[in-house]
Every structure is written in structure tokens, then in C-alpha cells.
Amino acid sequence: MDAVEKANADRQKRWAKDQKIGEGTYAVVYRGREVATGRKVAIKKIKVGQFKDGLDMSAIREVKYLREMKHQNVIELLDVFSSKTNLNLVLEFLDTDLEAVIKDRSLVFLPADIKAWIAMTFRGLEFCHRNWILHRDLKPNNLLISANGQLKLADFGLARDFADPGYKMTCQVITRWYRPVELLFGCRYYSTAVDIWSVGCIFAELMLRIPYLPGESDLDQIKTTFRALGTPTDEEWPGYTKLPDYVSVGQFPKTPLRDLFTAATPECLNLLSKCLIYDPKKRISAKDALYHPYFSAMPYPSHPSKLPKPAKKESNRPLEEVDGNVEFDGPGPAVRANPPNKLKRKLSDSELGGRPIARKLDFTAM
Amino acid sequence: MDQASNHSISRTTVYEGSTQYRHWRFSPEQLAETRASLNTAAVAAIREAFEADSPGSSSQVSFLNADEENLLVKLYIGKVPQLCGHLHFAEEVEATAITYLKRFYLKNTVMDWHPKNVMLTALFLATKTTNNPISLELYTSRIPKTAPSDVLDLEFLVAQSLGFDLAAWHAHRALWGLWLDMQNLPDVLIDDLRKAYDDGIAHVRASRLTDAELIYTPSQIALACFDLASPHLARAWIRSKQTSPPASPPVSEEDPMLAILKPIQIMITNQGQLPEVESVREVDRRLKLCKNPEKVVGSNAYNKRLEEKQRKADEKRKRKAELVRKAMAAGDPFGSELAEKGDLDDDDDDDD
Ligand SMILES: Nc1ncnc2c1ncn2[C@@H]1O[C@H](COP(=O)(O)OP(=O)(O)O)[C@@H](O)[C@H]1O
Ligand SMILES: [Mg+2]
């Protein structure tokens with residue numbers, strides 16, 4: 001056996017695959033474990049054979065960027081190996097995601113909880129941006145949460161690097177509800193600010209408990225955004241009407257954020273408004289956000305282990321072992337008893353009253 | 001701080017976390033040692049394969065040594081820019097493909113995998129990893145005598161050999177950063193600077209034919225190239241980066257920063273050319289006779305290996321079937337599920 005083949009076989013032996021736990025657009029995700037330690041992992045198996053162009057772009061992006069990053073708030077890629085014509089990514093196992101947390105109506109969020117989640121999101125994002133990596137698909141469903149409450153940026157299937165400023169990029173990225181207006185207007189030269197807008201939308205969603213800007217089509221997304229934040233003036237965002245796909249959707253007045261986010265502190269609203277500035281050049285950076293007074297003002301962010309979490313999904317599988325830290329205990333935020341709910345990571349259906357589901361866009365023609 | 005110098009500073013620290021810094025940097029001695037031991041192991045294994053094929057046959061074979069292997073790889077590195085010109089690929093693609101090719105042959109021997117197809121595969125993979133994808137069909141249709149399978153068959157092996165470290169940092173980017181930064185130097189004529197940059201890029205391209213990127217950082221290589229192109233500008237820039245006031249004396253030849261550049265410059269000057277075609281042709285001719293018979297489709301050794309693989313797969317399947325049968329007999333209706341999980345196998349045909 002070749003040395004390379006042998007090294008792969010050795011790596012493969014380190015991991016055992018258990019049952020299927022999820023299905024993504026281009027991969028099947030299994031629960032697994034490290035044979036030597038029993039450590040729980042997720043194994044994302046990407047079928048390569050089925051692609052006529054070989055290794056698929058999403059898989060390549062995910063592997064390329066995750067190999068370069070190690071940070072508490074970015075999902076860790078533990079290993080990569082191949083089996084037959086499949087590529088297997090061994091990822092740290094994460095219990096749940098922010099979408100499931102937001103949608104669990106039995107959970108009550110304290111302002112300190114929201115602050116903790118947003119702080120962790122910005123920390124992970126600042127690290128990505130420092131590494132010249134744009135995530136380009138931030139949304140609650142892609143913010144996974146570990147057993148001890150740490151939030152981690154995941155799903156780098158749409159990420160790219162931006163070391164080359166002024167490089168033309170596709171605007172067909174980011175799930176619609178979290179997509180900034182410059183992309184909706186077809187801007188092809190963009191940067192870190194696109195991710196910041198998404199964080200702004202997630203921030204708002206944490207307070208509202210429903211998606212903040214749920215447009216039903218790309219055009220409606222623009223309208224929904226302007227309805228919420230007012231139609232931008234040429235002064236606040238110079239030249240935006242010259243963007244390639246600009247369309248006029250009418251004049252909407254600016255309503256103060258305070259009207260909708262009645263309970264938020266001034267610092268909180270100030271940071272939120274800086275994430276949702278129309279002009280990408282004026283939008284706050286992840287680094288500046290981390291220094292924003294919101295994070296130093298009272299209340300302090302909740303400790304990750306004290307953050308609300310959905311009840312563990314009911315075990316209906318023979319091999320499922322209980323892993324200790326699933327129950328909420330202690331003085332965390334008020335948590336009502338909750339019937340075991342099935343966690344669905346992917347689908348955002350019924351619970352919010354049949355809102356349209358934002359689909360991941362086809363970005364193959366970049 | 002201006003944007004350009006901001007770039008280069010944060011880059012240094014980020015660079016130290018990169019897989020390139022952590023996995024793909026060597027001393028010249030380590031490189032020589034790696035190649036020599038790889039070659040020795042390869043020759044031993046292939047000799048065995050020859051013997052298995054037909055006993056006594058390995059004695060007349062003249063195997064390639066590490067230098068000869070390297071020479072052949074270098075020839076194919078030289079073909080990447082030609083191909084990229086022909087296909088209008090970006091410099092980033094070209095540089096990345098060359099990096100892959102060099103790394104691949106730190107893990108593999110040309111006697112197993114001929115550099116021609118590895119080069120084509122590395123280049124195709126680089127179009128994807130640098131976010132410049134092109135369809136495989138289009139790619140191979142524009143390269144004579146190449147079929148999609150030539151690339152597909154090797155893509156996995158190449159990615160694996162790279163340890164799935166797909167990100168690569170290049171000197172041409174660092175040179176670009178220097179060029180931006182030097183525009184802020186006092187009294188610099190933009191035409192001089194542009195000329196120096198153009199000459200510098202030519203040196204960077206020559207450096208790709210050497211081991212420089214496996215030994216030095218992209219910014220070291222870039223500065224070495226700039227200094228070859230214009231010592232005057234490079235030194236003015238170095239001086240501007242040092243803490244002493246601008247009136248300080250010119251940078252001396254003993255300056256530690258310049259001392260680092262010297263070996264890089266010698267390497268580029270001495271080794272940054274394509275090899276003599278005649279000498280490589282001789283190596284390639286011998287390679288036809290000493291390549292691993294296990295990798296030659298249709299040879300006895302190849303067929304034997306195939307049979308062995310088949311036998312193992314059959315055994316596995318039998319074991320699996322046996323497990324299912326036992327489980328069924330024990331009345332477990334999920335027997336099939338049981339047999340699919342666990343470390344027993346990795347076939348995963350369940351959801352294909
Ligand atoms: N690290 C992980 N730990 C636990 N479950 C995971 C993990 N990664 C993915 N999953 C599950 O698999 C699903 C699909 O994975 P994802 O990476 O989002 O694929 P895709 O990129 O195709 O959306 C997720 O929604 C989640 O349910
Ligand atoms: Mg996903």
C-alpha cells in the first residue's frame with residue numbers, strides 16, 4: 001500500500017460512524033466517535049463520485065477554510081479522510097443550533113443571554129475576517145451550539161477569501177432573509193460588511209423571536225428591508241442607485257428601532273443600528289463591534305453553560321448514550337417544562353405559521 | 001496606519017496559524033532527506049513488485065534517484081505557466097497548482113504517478129480551490145490528448161497527498177502588498193516602482209521553479225525578488241520599516257533582513273530556470289522502464305493487486321451478510337441497520 005493510502009487508512013480507523021443524524025444539500029451527516037477515547041463527533045460524508053466535475057465546490061470550501069482555522073467560536077474540523085469515493089469530514093459534535101433555540105417557545109431569553117450569543121458570533125466572525133475569510137451564509141441555522149453552550153460558526157460551504165480587494169464576486173450568496181441590500185442590488189465588489197448585516201438580522205431575531213426581515217422574493221426582500229429601516233437616502237449611502245440591479249421600490253419612512261425593540265437598552269440598539277447601516281463602508285466591523293459599549297455595559301453576557309437550550313431530543317435510537325450535560329439545571333433563565341421536541345436543524349416550517357422557507361441559492365455559476 | 005502596511009502586519013500572525021506554515025515548511029536539509037528516503041522506500045517497494053511480477057526481473061532495472069525524480073517534476077512545473085497562459089487562468093491558479101505539485105512529490109514518487117497527469121490534476125484542483133472553477137469537460141477538451149478520467153482518477157489522491165491542506169500563500173501576493181506599501185515611500189517615482197515591480201514579478205515566477213516556497217515565507221521571497229529587481233527601492237523600504245529616523249544611514253550589507261534574502265536570491269539565480277530538455281528526456285525514457293508495474297493497467301502485478309482488493313471486499317460483504325443473518329435469526333428486525341453501523345465497515349452503500 002502507498003504511504004498516502006496507508007496514512008488515510010490509519011486516519012480512517014481512528015473514527016467510527018454511528019447513525020445518520022442529518023442530511024445537507026450535498027452531504028449526509030452521521031454521528032460518530034473517536035475510537036480511542038469515545039469522544040462524540042459528527043462525520044459529514046460527501047459523495048464525490050456523483051459529481052462529474054470531481055470534488056464539489058462546497059466541500060472544497062469547507063475543507064479549505066476549516067483546515068486553516070482553530071477558534072473557540074468556529075466549528076473545529078478534526079480530521080479528513082476518504083473512503084471509496086467519499087470524502088469524510090470529522091467535525092466536533094454540536095448538540096443544537098441557534099435556530100432551534102430561537103424557535104423553542106418554551107425558552108425565555110434574558111438580555112444577558114442575547115448578549116452572550118451575539119458576542120460569541122462576533123468573536124468567531126472577527127477570527128474569520130482576520131483570516132481573510134468571508135462566511136457568506138450566516139443565519140441562526142448555521143450557528144451551532146455545543147453541549148457547554150459555546151456558539152460556533154459552521155457550514156463554510158459558501159465561504160471565500162477576500163485577500164484580493166476589488167475582486168468581482170457573485171452576489172448570489174447568503175440566505176435571503178439575512179442578505180444585505182447591496183447584494184440584492186447586485187453589487188459584485190463586497191467585503192466583510194455582508195456578514196455583519198447578517199449578524200444584525202440574527203441579533204434582531206434573537207430579540208423578536210421571529211425572523212426580522214422575512215422577504216418572500218428577492219424583490220420583496222428589498223421592500224421588507226426598506227419598510228423596516230426606511231428607504232436609504234443618497235446621502236447616507238452615496239451612489240447606491242447606480243448598482244447593477246438597482247430597482248426603485250418606493251419611499252418608506254424611517255421608523256426608530258426603538259418602536260419595535262421596546263425593551264432594548266440604548267447600547268444594544270446602537271450596536272444593532274451599526275450592523276444594519278445601508279452603506280457597507282460605514283457598517284461596523286466585527287472587531288469594532290467587540291469593543292462596542294454594549295458588551296461592557298451591564299448586564300454582563302451570560303456564561304455559556306447557563307444559556308437556554310432546547311430539551312434534548314427524545315432518544316429513539318438504540319445506540320444513543322446520554323451525555324451528561326443535557327438537562328438544564330440551576331439558576332439559569334426561566335425554563336418551562338417542555339415536552340420532548342424533535343429538533344429540526346434544517347426546516348423552518350410550521351411553528352412560525354408557515355412562513356416561506358429561505359432556500360440556499362444555487363451559486364454554481366460564479 | 002495605512003491599509004497596506006496594516007495588511008502585511010496582520011498577515012504575518014495569521015500566516016503563522018496557516019497549514020502552510022505548520023505543515024509545509026522545511027529546512028533545505030529536511031527537504032533533501034525527505035526526498036532521499038521517499039525515493040529509497042519507493043525503489044524497494046517497486047523492486048518487490050517487479051519480483052512479484054516475474055522473479056529476477058528487477059535486477060536489470062535502473063531506477064531513478066531522488067535528483068532525477070526532482071528534475072522531472074521541475075519540467076512539469078515549467079509546463080504549468082504555459083498551460084495557464086493557454087487557458088487564461090489567473091496567476092493565483094498557476095501558483096497554487098505549482099505548490100500542489102511540489103507538495104505532492106514530497107509524499108509520492110514519480111515512479112508511481114507520472115507528473116504529467118498529476119500536473120493536470122493539480123491544476124484542475126487549483127481552479128476550484130482558488131474559486132475559479134471551470135467544468136472538467138471544458139478543461140480537458142482544451143488540453144490535447146486528455147480525458148476527464150485522467151484528472152478524476154487522480155483528484156482524490158492529490159487532495160489526500162496534500163493532507164487536504166488546500167489553502168496556499170504565495171509570494172506574488174506579498175509582492176503586490178510591497179508594491180502598494182512602497183507607493184508611500186517619500187521621493188519614489190512611480191515609473192521606477194512599476195518597473196521594479198514588473199522585474200520583481202519575473203523573479204517571483206522564476207522562484208516557483210525552485211524549492212524557495214518550501215523553505216521561506218511568501219514575504220521573504222517577495223522582498224528577495226524586489227531586492228533583485230531594485231536594491232535601491234527595497235532598501236529604502238526596509239529602512240522605512242526600521243524604527244530609527246529616516247535620516248539614518250543606508251541599510252548595510254550585514255543588515256539581518258538582507259542576510260535572510262541572500263540565500264533566496266542565490267537559489268532563484270541558480271535554480272530558477274527550466275531544466276535541459278535533453279537530460280530530462282533521458283530520465284523520462286528510463287522512467288518508462290522502472291515505473292511501478294502495480295500502477296500499469298493490465299500488468300500481472302496490477303491484476304494481482306486488483307484481485308487482492310476484490311477478495312477483501314468479498315470477505316467484508318460476507319461478514320456483513322453473516323451478521324445480518326445472525327441478527328435476523330435472533331429476531332431483531334433491525335438487523336440490517338445494525339450491520340450497517342459501527343466500525344465494521346465503511347461501505348455506506350446504504351444511501352447511495
Ligand atoms: N458538527 C455537527 N454536529 C451535529 N450535527 C451536525 C453537525 N454538522 C451538521 N450537523 C447536522 O447535519 C445537518 C446538515 O449539515 P450542514 O453542515 O448544515 O450541511 P449543508 O451544508 O448541506 O447544509 C445540520 O443541519 C445538522 O443537523
Ligand atoms: Mg446548513
Side-chain angles (χ1 to χ4, degrees), chain A residues 1-5 7-8 12-13 15-20 23 28 30 32-33 35 45 47-57 60-61 63-65 67-71 77 79-89 130-133 160-161 163-165 167 169 318-319 364 366, chain B residues 3 7 10-11 13-14 17-20 38 41-42 45 90 92 104 107-109 112-113 121 124-125 128-137 139 148 151-152 155-157 159-161 163-167 169 173 176-177 292 334 337-338 340-344 346-352:
Chain A
M1 202 190 289
D2 298 353
V4 170
E5 245 176 83
N8 179 65
Q12 180 174 349
K13 281 201 203 92
W15 311 102
K17 236 180 236 170
D18 296 328
Q19 71 273 18
K20 195 191 271 194
E23 191 133 6
V28 182
Y30 295 83
R33 69 204 128 79
V35 174
K45 188 188 83 180
K47 283 176 248 166
V48 176
Q50 70 187 51
F51 299 107
K52 70 171 179 27
D53 290 323
L55 282 171
D56 147 87
M57 284 296 287
I60 282 184
R61 292 193 181 104
V63 172
K64 175 179 173 188
Y65 297 120
R67 289 287 289 172
E68 302 298 311
M69 290 195 284
K70 191 159 160 49
H71 185 275
L77 177 63
D79 205 353
V80 185
F81 65 87
S82 52
S83 55
K84 284 210 216 149
T85 59
N86 299 321
L87 184 64
N88 295 269
L89 315 191
R130 197 176 346 135
N131 279 274
W132 307 92
I133 296 165
R160 68 157 293 157
D161 44 289
D164 198 357
Y167 189 86
M169 300 188 263
L319 283 184
T364 41
M366 320 204 14
Chain B
Q3 213 203 341
H7 270 225
S10 56
R11 279 220 166 179
T13 49
V14 166
S18 69
T19 50
Q20 176 159 325
L38 186 69
E92 191 68 12
F104 180 89
K107 304 280 176 189
N108 296 281
T109 166
D112 277 349
W113 311 107
T121 307
F124 181 67
L125 185 60
K128 292 192 278 184
T129 60
T130 59
N131 213 10
N132 297 286
I134 132 171
S135 95
L136 180 57
E137 217 162 286
Y139 176 73
V151 172
L152 275 189
E155 191 182 38
F156 227 66
L157 176 77
Q160 241 172 47
S161 301
F164 296 98
D165 293 340
L166 302 176
W169 299 75
R173 284 292 184 95
W176 174 252
N292 191 345
F334 300 112
E337 237 180 67
L338 185 81
E340 272 164 11
K341 342 189 204 280
D343 17 10
L344 171 66
D346 191 67
D347 286 349
D348 304 325
D349 295 320
D350 45 316
D351 50 275
D352 285 359

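Keep in mind it's a predicted model, so treat the numbers as computed, not measured. So you know, we letter chains A, B, ... as the sequences are listed, proteins then strands, and number each from 1.
- Atom CG of D112(B) is separated from atom CD of E5(A) by 9.5 Å, given to the nearest 0.5 angstrom.
- Atom OG1 of T129(B) sits about 10.0 Å away from atom CG of L55(A), to the nearest 0.5 Å.
- Looking at F124(B), the atoms closer than 4.5 Å to chain A (heavy atoms on both sides) all sit in the side chain, from C-beta outward.
- Across R67(A), K70(A), M69(A), the residue that shares the most heavy-atom pairs under 4.5 angstrom with chain B is R67(A).
- A side-chain donor-acceptor contact under 3.5 Å links E68(A) to the backbone of T19(B).
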Report the C-alpha separation of N131(B) and R61(A) in whole Å, then their side-chain angles, then the decisive distance to 0.1 Å, and conclude whether the side chain to side chain contact (heavy atoms under 4.5 Å, CB included) test is met. CA-CA 9 Å; N131(B) 213 10; R61(A) 292 193 181 104; 3.3 Å; yes
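- Within the 4.5 angstrom heavy-atom criterion, no atom of A42(B) approaches chain A.
- With hydrogens and angles disregarded, no donor-acceptor distance shorter than 3.5 Å links the side chain of K128(B) to the backbone of I60(A).
- Ranked by heavy-atom pairs shorter than 4.5 Å toward chain B, the options V80(A), V63(A), N131(A) are led by V80(A).
- Checked by atom type and distance alone, the side chain of K107(B) never pairs as donor or acceptor with a backbone atom of V4(A) at under 3.5 Å.
- Separation of atoms CZ (F164(B)) and CG (L87(A)) is listed at 5.0 Å; rounding is to 0.5 Å.
- With a 4.5 angstrom heavy-atom cutoff, D53(A) touches chain B via backbone and side-chain atoms both.
- Contact between R130(A) and V14(B) at its shortest, heavy atoms only, is O-CG2, 3.1 Å.
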